[in-house]
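Positions are given from 1 along the sequence. Just so it is clear, the model here is predicted, and its values are computed rather than measured.
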Amino acid sequence: MSLSADALRPHAPTSAPGPSRRGVLGTATGAAIALAAGVTGPAGSAAAADLPALGTYDVVVVGSGAAGMTAALTAAKQGLSCVVLEKAPTFGGSAARSGAGIWIPNNPVILAAGVPDTPAKAAAYLAAVVGPDVSADRQQAFLGHGPAMISFVMANSPLRFRWMEGYSDYYPELPGGLPGGRSMEPDQLDGTVLGAELDRLNPPYMAVPAGMVVFSADYKWLTLAAVSAKGAAVATACLARGTRAALLGQKPLTMGQSLAAGLRAGLLAAQVPVWLNTPLTDLYTESGAVTGAVVTRNGAAGLVRARRGVIVGSGGFEHNAAMRAEFQRQPIGTAWTVGAKENTGDGIQAGRRAGAALDLMDDAWWGPAVPLPDEPYFCLAERTLPGGLLVNAAGARFVNEAGPYSDVVHTMYDRDPGAPDIPAWLVVDQNYRNRYLFKDVAPTLPFPDSWYTSGAAYKEWTLDALAGRIGVPAAALRTTVSRFNGLALSGRDTDFHRGDSAYDHYYTDPAVLPNSCLAPLWLPPFHAFRIVPGDLGTKGGLRTDARARVLRPDGTVIPGLYAAGNASAAVMGHSYAGAGSTIGPAMTFGYIAALDIAAG
């Protein structure tokens, strides 16, 4: 595979706005860090050159997530020597932890499944979703090369994919939007293809129930297994898959586990080394070009040289409290994210010290989360299912609970200081609890005591008592629930339009009429769950062009430096086109970066 001739033709520098106060301060901060590190700038580069040489490769890839491994596989298949440097003791990063939805319009898998997509529809939809935040050439690079990337990955790894039928685009009413969805996910993979390397796969965010093989698309039905014939049938099918795999002696993997394992298997076959426990310390530059990576390996600093280029795919900065405080709105921290714990912005900071511009640093792949005592729980179905509503500190609704999860958190931050929406509260009744799975707790079963002692959950027999426990005005909560119940019975949410979009109905109960995501709260006891702005990772990072090359604030290219995934500013801008808008572009721009290096 190769980039088109037009994509490889030199482009004029991308225009950039003038420096903001934050940008100037950030540059100063980066310079201070650089001086402290002692490995950047002319003198620092000379010092780094004296470090032990750990090897020389055509391409050095930083990070073994979806972006990094796709980039490395592409580079190897272009005949380039390559190494992957991974900070963690495991490979896979946040991708391995995820549900591994992949949003790439017009790819061969969804077209074969009959999805009525076209390039024109996809371009219109992405432009409508992203708006002016991302250049048209970057949008087109993603749309133009995504399908070829998927074909390439299937040809060079054991990965296969399945369409997530019915998982709507997040804004299907916009031009080019598809109510049936464009998202897909990895098919089942036998982990034995990795041999001993399987033990080094980063574990999932939520483990699949023992003895079952579960796809992301199954979860909406497993949530309804107690009240839906289809839900029960899907649960039976998941168990049957698990039983069959056990009888065959397989180690079945799905979702992010399948994606990461499949890419790693491709790298094994291509003989690409992945160095675990090898964090990036800095980028190595010569005459203004990035020509290597300074790392820590076996407890000592060393230099890995790159003849052709370095691709940064090291993830976001969600676990870096100082960076989150610098760039993002309060309240914020590192306790509400489900991103891989090693994601502390190392690649972004190294690029910043090398002169890179940063974009979208205030944003993340947000979603409402319950801050459970062991780790945050990222709410998908729970806030959408009928019989629940979100209220703020004033005891009032403030958002369409079933809307795209990133939009819900954006609304939480755009709050009225007089009635803050952080934390918010998801309020449900016992009828809801009798019908639906919540996280991994089956209907009717009690929640762990730790949920209550930590303040993540409350239960009371009256709304007034519940209001007292969560600190909202009792009369306001009663009024809010009463109005919500009337709207639910009518089937129309005239306040926040819950259920107006096809997307709103994905994680709902089809048996509830006239609106599958609206039902009144009437049966005590009543439950409340603390809701905070969680995320799947940050989405701001190094500014890149349509060829994944990293740019300076003036729009010029930093030679030899590329970025993809959450280490780069997202092609989705401040929005989110559909399930998999993180992983799909991450893989695509990793692919583009490697092809551009090979073509150069």
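Applying the 6.0 Å contact sphere to CG of Asp449 captures no more than 12 heavy atoms from other residues, nucleotides or ligands. The local environment of CD in Glu173 is crowded, with over 12 non-hydrogen atoms from other residues, nucleotides or ligands closer than 6.0 Å.
A side-chain N or O of Thr90 and one of Asn202 form a donor-acceptor pair less than 3.5 Å apart. Using modelled atom types and a 3.5 Å distance limit, the side chains of His410 and Asp363 yield a donor-acceptor pair. Asp504 and Asn400 share a side-chain donor-acceptor pair at under 3.5 Å. Between the side chains of Glu86 and Ser64, at least one donor-acceptor pair of N or O atoms lies under 3.5 Å. Side chains of Asp169 and Trp103: a donor on one and an acceptor on the other come within 3.5 Å. Looking only at atom types and distance, the side chain of Arg297 has a donor-acceptor partner in the side chain of Thr278 under 3.5 Å away. With hydrogens and angles left out, the side-chain atoms of Ser258 and Gln188 include no donor and acceptor closer than 3.5 Å. Side chain to side chain, Asn343 and Ser94 meet the donor-acceptor criterion of an N or O pair below 3.5 Å. A donor atom on one side chain and an acceptor atom on the other are not found under 3.5 Å apart for Asn431 and Tyr436. With no hydrogens or angles considered, a side-chain donor-acceptor pair links Thr337 and Asp535 at under 3.5 Å.
Considering every non-hydrogen atom in both Ala528 and Ile470, the closest pair reads CB-CG2, 3.8 Å. Residues Met154 and Arg160 share a closest heavy-atom pair of O-NH1, 2.9 Å. Residues Met255 and Ser98 approach most closely at CB-O, 3.7 Å, considering heavy atoms. Between Gly316 and Thr538, the closest heavy-atom pair is CA-OG1, 3.3 Å. Here the shortest heavy-atom pairing between His505 and Ser516 reads ND1-OG, 2.6 Å. Listed here is the closest heavy atom pair of Ala260 and Ala96: CB-CB, 3.8 Å.
Residue Gln430 forms a side chain to side chain donor-acceptor pair (under 3.5 Å) with just one option from Lys459, His527, Arg435, and that option is His527. Screening Tyr377, Trp425, Tyr458, Phe447 against Phe529 for a ring pair (Phe, Tyr, Trp, His ring centres under 6.0 Å) leaves a single residue, Phe447.
Residues Tyr170 and Tyr405 bring their aromatic ring centres within 6.0 Å. The aromatic ring centres of Phe152 and Tyr591 sit less than 6.0 Å apart. If you look at Tyr576 and Trp365, their ring centroids are closer than 6.0 Å.
A 4.5 Å side-chain heavy-atom check between Ile102 and Glu185 finds every atom pair outside the cut-off. In this structure the side chain of Phe91 never reaches within 4.5 angstrom of the side chain of Leu267, judged on heavy atoms. At a threshold of 4.5 Å between non-hydrogen side-chain atoms, the residues Pro525 and Glu460 do not count as touching. Using a 4.5 Å heavy-atom cutoff, the side chains of Asn107 and Ile104 are in contact.
Here Glu382 does not pair with Lys439 in a salt bridge; the nearest charged N to carboxylate O distance is not below 4.0 Å. Comment: Asp190 does not engage Lys251 in a salt bridge, judged by the lack of any side-chain N to carboxylate O separation of less than 4.0 angstrom.
In this structure, Lys220 is positioned above the aromatic face of Tyr506, its NZ or CZ under 6.0 Å from the six-membered ring centre and within 45° of the axis.
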